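Take a look at the structure below.
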2 protein chains.
Amino acid sequence: MSDRKKIEIDAIDKKLLIELLKDSRISLRRLAEEMNVSPATLHNRLMRLVQEGVVKGFTALIDYSKLGYPVTSILMIKVDGKHILEFEKEVSNLDNVVAVYDVVGEYDVMLIAKFRSIEDLDTFIKSLLKNPKIERTYTSIVLNVVKEDPRIKII
Amino acid sequence: MSDRKKIEIDAIDKKLLIELLKDSRISLRRLAEEMNVSPATLHNRLMRLVQEGVVKGFTALIDYSKLGYPVTSILMIKVDGKHILEFEKEVSNLDNVVAVYDVVGEYDVMLIAKFRSIEDLDTFIKSLLKNPKIERTYTSIVLNVVKEDPRIKII
DNA sequence: TTTGAAAAACATCACTT
DNA sequence: AAGTGATGTTTTTCAAA
């Protein structure tokens with residue numbers, strides 16, 4: 001779980017974050033010029049944002065279907081109540097899993113995972129079901145990933 | 001929809017992608033040194049990967065709860081069959097939406113969205129329901145984002 | 001916290017192998 | 001398809017404001 005404490009950011013931080021969200025390989029120097037601050041200021045701001053955990057990292061956005069991972073699936077899982085946290089920790093560490101959400105309702109955990117084939121998904125589900133903490137699962141294969149982008153517009 | 005055609009990548013491309021997934025602000029020069037290739041080679045490889053759409057962009061990973069977006073929710077939506085594609089396109093453009101999946105079953109579309117408050121989520125749902133293409137929705141509020149990371153381990 | 005300045009590191013390009 | 005070398009940029013650091 002991430003720390004929920006809201007961090008105060010000013011207009012400079014916000015502009016910096018917006019530009020890094022758009023393109024994390026941008027040069028701080030050019031951005032500084034555009035913003036009329038010194039490169040050192042942006043450098044300091046960025047260090048602070050990383051240090052405070054607002055910025056968790058920098059990454060490339062990849063089209064996984066082009067790399068041979070065309071199958072995306074959504075799994076809903078009902079876990080024995082005492083072991084939900086432990087189970088979530090376990091699945092979070094699995095290589096194919098991109099998201100794990102704690103939800104309420106008929107199921108306890110929702111996860112999104114990507115695979116090279118339906119066979120790999122099948123193997124994944126079968127290995128999950130061996131886990132005695134799991135009571136029930138529901139699998140939905142995604143026909144089409146219409147959008148998958150971790151960025152929201154910050155205001 | 002992304003193009004599904006698998007692109008062939010060799011060991012150099014793969015290493016480059018893995019390192020960019022880990023840290024997209026890495027310098028190609030340093031990485032080239034580590035890999036015993038020239039910086040120009042990595043530069044060319046990266047240009048090709050971007051050009052072919054394997055790399056869709058570079059971004060910062062942000063802890064949105066620290067920026068004042070503590071509410072994540074999952075919405076399942078049943079859409080009037082003729083208008084699914086059109087609806088998906090519409091919601092993909094909304095600022096709060098991070099993922100839109102085409103699924104089969106009781107609902108047609110699953111979307112994940114982030115909000116500043118439950119009130120904002122409520123407003124969002126009410127505005128969705130005004131859309132005559134929508135027949136039914138089911139909303140699940142995420143109690144805890146256990147993992148949310150667009151990166152999978154590529155092999 | 002921000003700046004300016006300077007050194008070290010970097011990206012990029014035309015050219016070569 | 002990959003490397004080399006040149007050129008202009010960029011990052012990073014730090015003393016001073």
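Worth saying up front: this structure is predicted, and the values here are computed from it rather than measured. Per chain, numbering begins at 1; letters A, B, ... match sequence-line order.
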Query raised in the report: What nucleotide among D:dA1, C:dT2, C:dT1 has an atom nearest to a side-chain atom of A:Asn44?
Result: C:dT2
Report task. Would you kindly give the CE-to-C1' distance between A:Met47 and C:dT2, to the nearest whole Å? Result -> 15 Å
Query raised in the report: Do any side-chain nitrogens or oxygens of A:Arg45 fall under 4.0 Å of OP1 or OP2 in C:dT2?
Result: yes
Query raised in the report: Does atom CZ of A:Arg30 have more than 12 heavy-atom neighbours from other groups under 6.0 Å away?
Result: no
Report summary line: Residues in residues 14-42 of chain A with a heavy atom under 4.0 Å of DNA chain C, by number, are A:Arg25, A:Val37, A:Ser38, A:Ala40, A:Thr41
Query - Chi angles and distances behind the side-chain hydrogen bond (donor to acceptor under 3.5 Å, both in side chains) call for A:Asn144, B:Glu88 - result: CA-CA 10 Å; A:Asn144 181 25; B:Glu88 286 171 344; 4.6 Å; no
Requested in this report: Count the heavy atoms of every other residue, nucleotide or ligand shown that sit under 6.0 Å from CZ of A:Arg136, and state whether that count exceeds 12.
Outcome: yes
Query raised in the report: Pick from A:Met47, A:Arg29, A:Met35: which one makes a side-chain contact (heavy atoms from CB on, under 4.5 Å) with A:Leu42?
Result: A:Met35
Query - Short side-chain to backbone donor-acceptor contact, A:Lys147 and B:Val97, under 3.5 Å - result: yes
**Report entry** Heavy-atom pair of closest approach, residues B:Arg45 and B:Leu16
**Finding:** CB-CD2, 3.8 Å
Query raised in the report: Given atom CG of B:Leu46 and atom P of C:dA11, what is their separation to the nearest angstrom?
Result: 10 Å
Report task. Respond yes when some side-chain nitrogen or oxygen of A:His43 is under 4.0 Å from OP1 or OP2 of D:dT11, and no when none is. Result -> no
